[in-house]
**Q** 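Mind looking over this structure? Questions follow.
Atoms within a ligand are numbered from 1 in the order they appear, just like the ligands themselves. What you see below is based on every heavy atom in this structure, not just the backbone, and it leaves out hydrogens, waters and symmetry mates.
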Amino acid sequence: MELLQFNEVSKRFSKKNVLENVSFTLQANECAALIGPNGSGKSTIINLMLDLLTPDGGSIKRNYRPTHDVGVMFQNDYFPENLRVREVLDLHQSYYGVKNLVDEILQSTELSSVAKSNVFSLSGGQKRRLSLAIALLVAPKLLFLDEPTNGMDVQSRELFWNQIQQLKKSERTIFVTSHNLDELNDYCDRFIFLKNGVIVKDITKAEMRNERMLVIASPTPDTVHAVCRNYGGRMAEDILFVPGAAVNDQLLSYLQEQQVNYAERFKDVKDVYREIYMQEGSGEKASR
Ligand SMILES: Nc1ncnc2c1ncn2[C@@H]1O[C@H](COP(=O)(O)OP(=O)(O)OP(=O)(O)O)[C@@H](O)[C@H]1O
């Protein structure tokens, strides 16, 4: 089922075009990530999805009620002062007038043991999980996670994403924005890349893994120059990344002749990110 459809949506603030002809659909059960640098328009898209903004052009079709079927885990945790964990959830539940899900959610977010604790005594990871618990109170069809693991340590991140994996099994659409590309790569099924208010790539994990990458660690300047000039590629953190489309017998023979060590692997989100947002490395790509 299609949960959402953006059809050539544009948005302006003052005279500045912030989104231009943005089109995408979200299916029920998807776990999709919206990726883009600061200021690329992610929050504007989310606010349009939540019906907090109106588009200046195009149309949005929602198969959900923005006030009743959507749970949002905001970037920062805001809780009423001096309340216990359970009281915070009871309070939110009373606003929404929804079915009593507090015990179930305390359990699924692993907060039962701190249900009677004051929210200020919680660890950073527990506070993030309480924000998730609040977002789940409406039994959302659509769950927004905005930089969900900010401030969490490794163990809390793993626990958090395991909980999201469980939620994925229960017919929910999950929409994540995060700058943590490793996490998105591991846990999302689809990646929508935004650049200056335009969707420049919309790719599923399965599609991405159809492509290979070639990786050369600590290449010499001569190797960087020769490979980039003839095949394209990008340098990042002393590694040269060559896109799958350029990986061919000629390139591999060249590297073997030059005794350059390389490795081949599937493409991941960071590779796509580099292709979109980073300049190609030294040398011009030859027209082939
Ligand atoms: N209410 C507003 N009035 C004027 N300009 C705005 C408003 N909201 C956003 N903008 C501008 O629109 C552009 C996109 O902003 P947006 O917040 O959607 O980006 P973002 O990708 O979410 O950024 P970040 O990663 O920093 O949260 C920015 O140039 C921002 O300054």
**Q** Please list the nearest protein heavy atom to atom 14 (C) of ligand 1 with its residue and the distance rounded to 0.1 Å.
**A** Gly39 O, 3.4 Å

**Q** Whether the Ser10 and Asp56 side chains hold a donor-acceptor pair (N or O, under 3.5 Å, no angle test) is what I'd like checked.
**A**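 No.
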
**Q** Can you find a side-chain donor-acceptor pair between Arg65 and Thr67 that sits under 3.5 Å?
**A**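 Thr67 and Arg65 do not have a side-chain donor-acceptor pair below 3.5 Å.
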
**Q** Quick one: look up the protein heavy atom nearest atom 26 (O) of ligand 1 and list residue, atom name and how far away it is.
**A**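 That would be Asn38 ND2, 3.1 Å.
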
**Q** Could you tell me the residue and atom name of the protein heavy atom closest to atom 19 (O) of ligand 1, and the distance to it rounded to 0.1 Å?
**A** Gly41 N, 3.2 Å

**Q** Whether the Glu2 and Gln5 side chains hold a donor-acceptor pair (N or O, under 3.5 Å, no angle test) is what I'd like checked.
**A** yes

**Q** Would you mind listing every side chain to side chain donor-acceptor pair (under 3.5 Å) that reaches into residues 127-141, with sequence neighbours excluded?
**A** Asp77-Arg128, Asp77-Ser131

**Q** May I ask you to identify the nearest protein heavy atom to atom 18 (O) of ligand 1, giving residue, atom name and distance to one decimal place in Å?
**A** Thr44 OG1, 2.6 Å

**Q** Check each heavy atom of Val18 against ligand 1 and say whether those closer than 4.0 Å belong to the side chain, the backbone, both or neither.
**A** side chain

**Q** Nearest to atom 8 (N) of ligand 1, what protein heavy atom do you find, and at what distance?
**A** Phe13 CE1, 3.4 Å

**Q** Looking at atom 22 (O) of ligand 1, would you say a protein heavy atom lies below 4.0 Å from it?
**A**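 Within 4.0 Å of atom 22 (O) of ligand 1, protein heavy atoms are found.
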
**Q** Classify the angle between the aromatic ring planes of Tyr273 and Tyr277 as parallel (below 30°), tilted (30 to 60°) or perpendicular (above 60°).
**A**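 The arrangement is tilted - the two ring planes meet at 30° to 60°.
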
**Q** At under 4.0 Å between heavy atoms, is it the side chain or the backbone of Ser14 that contacts ligand 1, or both, or neither?
**A** neither

**Q** Could you check Arg265, Arg212, Arg234 and say which one makes a side-chain hydrogen bond (donor to acceptor under 3.5 Å, both in side chains) with Asp271?
**A**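 With Asp271 as partner, side-chain hydrogen bond (donor to acceptor under 3.5 Å, both in side chains) holds for just one option, Arg265.
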
**Q** Relative to atom 25 (O) of ligand 1, which among Lys16, Glu147, Lys42 owns the nearest non-hydrogen atom?
**A**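 Result: the heavy atom closest to atom 25 (O) of ligand 1 is in Lys42.
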
**Q** Using a strict 4.0 Å cut-off to heavy atoms of Ser43, name the atoms of ligand 1 that fall inside it.
**A**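 In order of numbering, the contacting atoms are 17 (O), 18 (O), 20 (P), 22 (O), 27 (O).
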
**Q** Hey, are Thr149 and Arg157 close enough side-chain-wise for a donor-acceptor pair under 3.5 Å?
**A** yes

**Q** Is there at least one protein heavy-atom neighbour under 4.0 Å from atom 30 (C) of ligand 1?
**A**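 Looking at atom 30 (C) of ligand 1, one finds that no protein heavy atom lies closer than 4.0 Å.
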
**Q** Side chains of Glu147 and Thr177: donor-acceptor distance under 3.5 Å anywhere?
**A**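 No.
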
**Q** Numbering the atoms of ligand 1 from 1, which are under 4.0 Å from a heavy atom of Pro37?
**A**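 Every atom of ligand 1 under 4.0 Å from some heavy atom of Pro37: 21 (O).
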
